[in-house]
Amino acid sequence: MAESGTLLAFKAGRAFRREGTNFVDPSPTKGAILLRKEDDLLHLVWKNRATDEVEEDLILFPSDATFSKVSQASGRVYVLKFSSSDQRHFFWMQDASSARDEEFVNNVNGFLIDPDHEASWGPSSQPEASTSTAGASSSSAPSGFQASPEQLAQLQQLLSSAVGGGASAPSELSLNDILTPANMTALFTSHPDLIPTLFPHLPPDLPMPPSSEVLQRIISSPQFRSAVSNFDQALRTGLLGGLVRQLGLPEEAGTGIEPFLRAVQRQADQERGEDGMDTD
Amino acid sequence: MSGEDDTNGWQLTESDPGVFSELLKTLGVPLIVDDLYSLDSESLASLQPLHALIFLFKWVSTSSDSMSGNYDPEFPGFFAHQVVNNACATIAVINALGNIPSLKSGPQLAQLMEFTNNMDPQTRGLVVTSSDWLREAHNSLSPPSAISLDGLELPRQTEDAYHFVVYLPSMGFVYELDGLKPHAVRHGSYNETGEGWLSRAREVIENRIATYPPGALDFSLLALRDDPLPLLQAELAKLQTAGKQAEAAELVVKLESETSKRNRWNFENSIRRHNHVGLVHALLVTLAKAGRLEPAKENAKSVMKERIARAKSKGGAMDES
């Protein structure tokens, strides 16, 4: 499947045009702009830092949009403009210091031109125009240092700290790497007695009776792998508190992958104790 | 530009013969869709009776197709515009079905065809797209959308959108029905003898493919054909009662091959429609009960580290996971 992940993030609020005028009024709500790549599509997401909710999710096609400073406005106001429509989205920088404004804006525009843009961080970064849209651009080496995925994850953690008292941990693992066909085969081989407990979760309209072969087939299928990725992604938003309750887990389990897996282990230990099963 | 706004509730579906064939079953139409791997005479002959060819390709927005054939604004057959992108597969199927003479179908489709009679392509497209029962039939074959991910508006990982173009015979000409073009496109006429319209269609499609640089076009071909299963079964019964063992045996092989394909389709559709979150959770709990979750986590962490390291050395692009 295609790449997904957060390319960059910075503190920004939204601003809205006053009806019938050319004035743009900033909304005081604390927020963040995130650029994300999902399935080869670039998304510009605006997240409310108080509620931790995504309130805007825009899909951006290469070279369709630009992010430019609004010169007529005082202060650090920027506009996302589309060539394919009249849409305008206004934002204002919320970081106390404006020292990195240019850096972020240049990289945003770099990604807007080419989702495979190599972000460059450092005082003199410029957007790189890539000639190729297929695959990563290997144009000139970036000036300054590159933000590693860990650094981006830390930044995201900073931005998402708030409600519920827990910042979601940077994700160090993916559920798809846990629910691998190999791990499942080993599991079914060593614990065949646990297999029937999985049958109630299989599609009710399967054209054949449930079995471990069917389970394996499902687990290796693109549809299942896609469902795991979706769930993984959803967990990372930290917003699945409601959903995980339906699975018999505490709300805290919906705040990230690690909390989810810890809660699953506790749930398994409880059930195992009730079943009187052997530990190994 | 946000994905949800212009979908009108139509979800993006996989463009798989099994998905199309299930839609046809829902519409009460005794046809199926099969993959076509070649346009040679043998391949096409084995799929007869063949009603339409569907050409699907990844929409390459930077290059525009050079037009062959001519617009026919007076086309008397069925042609609807594609007004919602996600509905593209179903619009293509409806455009094909609308031009098959004496088509057997369920009452809803028949009514839709009658109701849209004499409408212009744009209006037809709008009416078809606002058909609730059709949209539900279409959506029933993609993963349950916002059920488990309510309100998160996460982009769903589905296949890229393909564009669909139908080629079929009508009034002695081969027509191209492309929901994104203003009118039906008329290509040449054909002789009823031999391969009939298929030889003309082959020519048109091969010319089209040739206009792209080699390897630049990601495409597939599908065939809309009569469902062979009832015919094969009836034929087999006849041969068996007539005691023609050898011929019956041959037919059994054909029948088994067709049946196993349909079983595979049914299986895939069943897992397509299913909400797998319960299974994901149950598998993780099972791993945990077996004491295997911790080691799996540790392993997953090192796999992720390796992946990141590999990506960094490649210059920033994340590998497939």
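Just so it is clear, the model here is predicted, and its values are computed rather than measured.
Most heavy-atom pairs under 4.5 Å with chain A, from the set B:Val303, B:Asn263, B:Thr286: that is B:Thr286. Most heavy-atom pairs under 4.5 Å with chain B: of the set A:Leu198, A:Ile219, A:Leu41, A:Asp269, this distinction falls to A:Leu198. Comparing B:Lys301, B:Arg273, B:Arg272, B:Glu294 by heavy-atom pairs within less than 4.5 Å of chain A, the highest count is held by B:Lys301.
Proximity to chain B is absent for every atom of A:Leu44, based on heavy atoms less than 4.5 angstrom apart. In this structure, the portion of A:Leu179 lying under 4.5 Å from any heavy atom of chain B is its side chain and not its backbone. Neither the backbone nor the side chain of A:Ala65 comes within contact range of chain B; no heavy atoms are under 4.5 Å apart. Neither the backbone nor the side chain of A:Arg266 comes within contact range of chain B; no heavy atoms are under 4.5 Å apart. Both the backbone and the side chain of A:Gln265 come within contact range of chain B, judged by heavy atoms closer than 4.5 Å. Heavy-atom distances place the side chain of A:Phe188, and not its backbone, under 4.5 Å from chain B. In this structure, the portions of A:Ala268 lying under 4.5 Å from any heavy atom of chain B include both its backbone and its side chain. Contacts between B:Asn266 and chain A at a heavy-atom distance below 4.5 Å involve backbone atoms as well as side-chain atoms. Residue contact with chain B, scored on non-hydrogen atoms closer than 4.5 Å, is absent for A:Ile195.
For the side-chain hydrogen bond (donor to acceptor under 3.5 Å, both in side chains) test with B:His281, the passing option among A:His201, A:Gln246, A:Gln267 is A:Gln267; the others fail.
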